[in-house]
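Beneath this line is the structure, given in structure tokens, with notes to follow.
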Amino acid sequence: MTVRTRFAPSPTGYMHIGGMRTALFCWLWARHNRGQFILRIDDTDQQRNVDAALGPILDAFRWLGLDWDEGPEVGGPHAPYFQSQRRSLYDAALQQLLDAGKAYRDFEAPEDTQSQREAAEKEKRVYVSSRASLVLSQEETAKLMAEGRPFVVRLLVPRTDKVVIDDHVRGQVEWDCSLMPDPVVARSDGSPLYNFATVVDDAALEITHVIRAEEHLPNTPIQVLLHRALGYKTPEWAHIPYVASPGSKEKMSKRKIDKYRTNPQFQKLFELGDQVLSRVGIDPGSDALSPVMVAYYQQVGFLPAGVLNALVRLGWSLDDQAEFFTLSEMVQKFTLERVIKSAAGLDPDKMLNFQAHWMSELPAEEKLAGCLPFLKKAGLIDDENDAATRARVASVIDLAADRIRVFGDIFQLDEFFVADERLKMDDKNFQKRVVKPEAAVDLLRDLRKRLEVVTDFTATPLHDLLQGFAGEKQVKVGDVFPALRLCVTGKAQGADLFRSLELLGRDCVLGRIDRAIGLAESQRAG
RNA sequence: GGCCCCAUCGUCUAGUUAGGUCUAGGACAUCGGAUUUUCAUUCCGGUAACAGGGGUUCAAAUCCCCUUGGGGUCACCA
């Protein structure tokens, strides 16, 4: 048997991080078994704009490197892969159910059904369908139809049956059919409902394993009944836990983003994200892009490897040790058997840690390729292809070392790209290190003279020079180094000071010292 | 409320199927310390969990029951 799994997104305009985890598990199970992974678009409820709303979803798959064997763009033997284009299949299946007497036309007014439901609830009684339309004779039914009386089609639930599944994650789960209302399978306009279309398609596409989030568990008995009624072989089920928001068991949701902003576990990620996004021209406060969406991580400069690793470890583990997995290792080692049952909260800190790990493994050339677009978007460089620019960026990346966890972290080193007059000063520390200490400005002036004449403006001689200078002046290096750093980078801390000086170059360093001295003097005067 | 699911450090998890090797392991976070005259990294170390109650058993985190708690879902949405 060839394993075939599917992921069936609705075109919503964005890819949910939790949905992505579900998709990843589907994909991994298919690949692990050398089977096929199918993308099917559940757009029965959509009108236009399917293309626009689908784009970000396909982009997310492409970005993470999850390919699909059948589906949009690639087609396949069971095309089309949009439910909106498969109507004839549903119509035929509907007719089949009706002909076999396994479904019936329900002429009951929706309000009546609703009030029965409410009455049952009030009386603490289980609600099941009245089936009033079931007693109608063929003639009566035909008459009502001829009159144009609206009806829905309901599956006739075999009330004495039980549905038992052997779920790959949850084990045996069972439902008593006597407690189930007859589910609607077709609306009054004849269009199929989710549960029905899904079953028809899962069978038609020969899906062997339905792997989906556990929120679908209550749909399962209905779908099993539908499979049976249509004479299909039921697929195997695996209901995986949904992705919860950090530190909770609540399903992660796009609408709760304001709440997440105040969640301490989300703090570092938001800080990082806000900082990067504001530089690349995206409003960090807007909910058009948030950590609930896969695109967020891409825009902030995460690696697919980092996101993938974080996702796979959410609800799945190999053993008591392994944390890091490449995609191909995941394919090799993933099994449904080792998926956990309980909901797993997204852990942004751990995600950042996975990310940092894979970034540190990334070859320099790829780091460069990743950082360039960020600098370009922020207007910090002009031409990504210019050899000199690339060389400079490469040097900065090398200097930054593991300070770059996401590509957007390159902005931490923006002093290497901004013009001198636009260098932002960390005012608080500038006050403390340069403006307030009496001797600081004089010291900087003397230092400037030395820097002006030093023959070899590279890290090691510069280090020796500074060291000697401090000794000579009888001051602590702690009084000189930080002040100099503030003057030339605007920051209180950062990458190696001497390599920074070398990379900045003599002219730049001298100019920035002058500017800082001027700034300090005017602040002292003021 | 009905139905269903879940329950180990703050978080992600190992251990539960085949009870003993678990004085409960790892990772992230956190706190200390070392290295780096900054920051980051790296390295060492610390704090920290079997929801509660009953059984079964020589022995229970592991099996059974109850309680509590958390969650999902209850549409002519998907």
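Values in this document were obtained by computation on a predicted structure and should not be read as measured data.
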**Asked** Taking the C1' atom of each, how far is U57(B) from U62(B), in whole Å?
**Response** 13 Å

**Prompt:** What nucleic acid atoms does G171(A) come within less than 4.0 Å of, heavy atoms only: base, sugar-phosphate, or nothing?
**Reply:** nothing

**Fill in**
Picking from C39(B), G72(B), U41(B), the nucleotide nearest the side-chain atoms of Q493(A) would be C39(B)

**Request:** Mind calculating the distance between CG (N353(A)) and P (U42(B)) to the nearest angstrom?
**Result:** 8 Å

**Request:** Taking only the side-chain heavy atoms of P110(A) (C-beta and beyond), determine which of C76(B), U73(B), C5(B) contains the nearest atom.
**Result:** C76(B)

**Prompt:** Considering every strand shown, what is the Watson-Crick or G-U wobble mate of G1(B) when both distances are under 3.5 Å?
**Reply:** C74(B)

**Message:** With a 4.0 Å cutoff (strictly under), does any side-chain N or O of K491(A) reach OP1 or OP2 of U38(B)?
**Reply:** no

**Request:** Output yes when a side-chain donor or acceptor of Y260(A) lies under 3.5 Å from a complementary backbone atom of S253(A), and no otherwise.
**Result:** yes

**Prompt:** In the structure shown, which nucleotide is the Watson-Crick or G-U wobble counterpart of A7(B), with both distances under 3.5 Å?
**Reply:** U68(B)

**Request:** Go ahead and name the base partner of U62(B); Watson-Crick or wobble counts if both distances stay under 3.5 Å, otherwise write none.
**Result:** none

**Message:** Can you check the distance between U73(B) and A27(B), where both ends of the measurement are the C1' atom (answer in whole Å)?
**Reply:** 33 Å

**Message:** Rounding to an integer number of Å, can you tell me how far N263(A) CG sits from G10(B) C1'?
**Reply:** 12 Å

**Message:** I'd like to know if E323(A) reaches the base of U13(B) with its side chain such that a donor and an acceptor end up less than 3.5 angstrom apart.
**Reply:** no

**Request:** Using the C1' atom on both, measure U23(B) against G1(B) and round to a whole Å.
**Result:** 46 Å

**Item:** Spacing between M15(A) atom CE and A78(B) atom P, to the nearest angstrom
**Value:** 18 Å

**Message:** Is there, by distance only and without an angle test, a donor paired with an acceptor across the side chain of D43(A) and the base of A78(B) below 3.5 Å?
**Reply:** no

**Side-chain N,O (K341(A)) to OP1/OP2 (C6(B)) below 4.0 Å** = yes

**Asked** Hey, what's the ring geometry for F481(A) with H463(A), parallel, tilted or perpendicular (30° and 60° as the breaks)?
**Response** perpendicular

**Item:** Contact under 4.0 Å: S317(A) side-chain N or O vs A14(B) OP1/OP2
**Value:** yes

**Prompt:** Taking atom C1' in both G53(B) and U11(B), what distance in whole Å separates the two?
**Reply:** 28 Å

**Prompt:** Is the phosphate of C12(B), meaning OP1 or OP2, less than 4.0 Å from a side-chain N or O of R21(A)?
**Reply:** no

**Request:** State which of U37(B), C5(B), G72(B) makes the closest approach to the side chain of R170(A).
**Result:** C5(B)

**Message:** Looking at K432(A), I'd like to know if its NZ atom is crowded, meaning that more than 12 non-hydrogen atoms belonging to other residues, nucleotides or ligands lie closer than 6.0 Å.
**Reply:** no

**Prompt:** When you compare A75(B) with C3(B), how far apart are their P atoms, in angstrom units rounded to a whole number?
**Reply:** 16 Å

**Asked** Checking R279(A) against F411(A): charged group under 6.0 Å from the ring centre and within 45 degrees of the axis?
**Response** yes

**Request:** Figure out the CZ/C1' separation between R125(A) and C3(B), and round it to whole Å.
**Result:** 16 Å

**Message:** Rounding to an integer number of angstrom, what distance separates G15(B) and C50(B) when you compare their C1' atoms?
**Reply:** 10 Å

**Asked** Looking only at side-chain N and O atoms, does S191(A) come under 4.0 Å of OP1 or OP2 in C76(B)?
**Response** no

**Prompt:** Does CD in E147(A) sit with more than 12 non-hydrogen atoms of other residues, nucleotides or ligands closer than 6.0 Å?
**Reply:** yes

**Prompt:** Just checking A401(A): base, sugar-phosphate only, or nothing, at a heavy-atom cut-off of under 4.0 Å?
**Reply:** nothing

**Prompt:** Looking at the side chain of P218(A), which of C28(B), U73(B), U41(B) is the nearest nucleotide?
**Reply:** U73(B)

**Request:** Counting Watson-Crick and G-U wobble pairs only, both distances under 3.5 Å, name the nucleotide matched with U30(B), or none.
**Result:** G46(B)

**Request:** Using a 4.0 Å heavy-atom cut-off across all strands, classify Q467(A) as base, sugar-phosphate, or nothing.
**Result:** base

**Item:** Side chain of V152(A) (C-beta onward), nearest among C76(B), U13(B), C5(B)
**Value:** C76(B)

**Y81(A) six-ring face occupied by R40(A) cation (under 6.0 Å, within 45°)** = no

**Prompt:** So is R21(A) actually on top of F25(A)'s ring, under 6.0 Å and inside 45° of the axis?
**Reply:** yes

**Message:** Among C76(B), C28(B), U38(B), which nucleotide has an atom closest to any side-chain atom of R485(A)?
**Reply:** U38(B)

**Message:** Using atom C1' in both nucleotides, what's the gap between A29(B) and U47(B) to the nearest angstrom?
**Reply:** 12 Å

**Request:** Using whole Å, report how far CG of L352(A) lies from P of A40(B).
**Result:** 14 Å

**Request:** Could you tell me whether the phosphate oxygens of U38(B), OP1 or OP2, come under 4.0 Å of any side-chain nitrogen or oxygen in R403(A)?
**Result:** no

**Asked** Can you tell which of U37(B), A78(B), A7(B) lies closest to the side chain of N219(A)?
**Response** A78(B)

**Message:** Which nucleotide wins on minimum distance to the side chain of D347(A), given the candidates U13(B), U11(B), A78(B)?
**Reply:** U11(B)

**Asked** Which nucleotide sits closest to the side chain of L217(A): G25(B), C5(B), A78(B)?
**Response** C5(B)

**Fill in**
In whole angstroms, the gap separating P of U11(B) from NZ of K268(A) amounts to 16 Å

**Request:** Using a cut-off of strictly less than 4.0 Å, decide whether R187(A) has a side-chain nitrogen or oxygen near OP1 or OP2 of C77(B).
**Result:** yes

**Item:** Among A78(B), C5(B), A29(B), the one nearest Y194(A) by side-chain distance
**Value:** A78(B)

**Asked** For the pair made of CD1 in I340(A) and C1' in G15(B), what is the distance, rounded to whole Å?
**Response** 10 Å

**Nearest-Å distance for atom pair NZ/P, residues K122(A) and C74(B)** = 22 Å

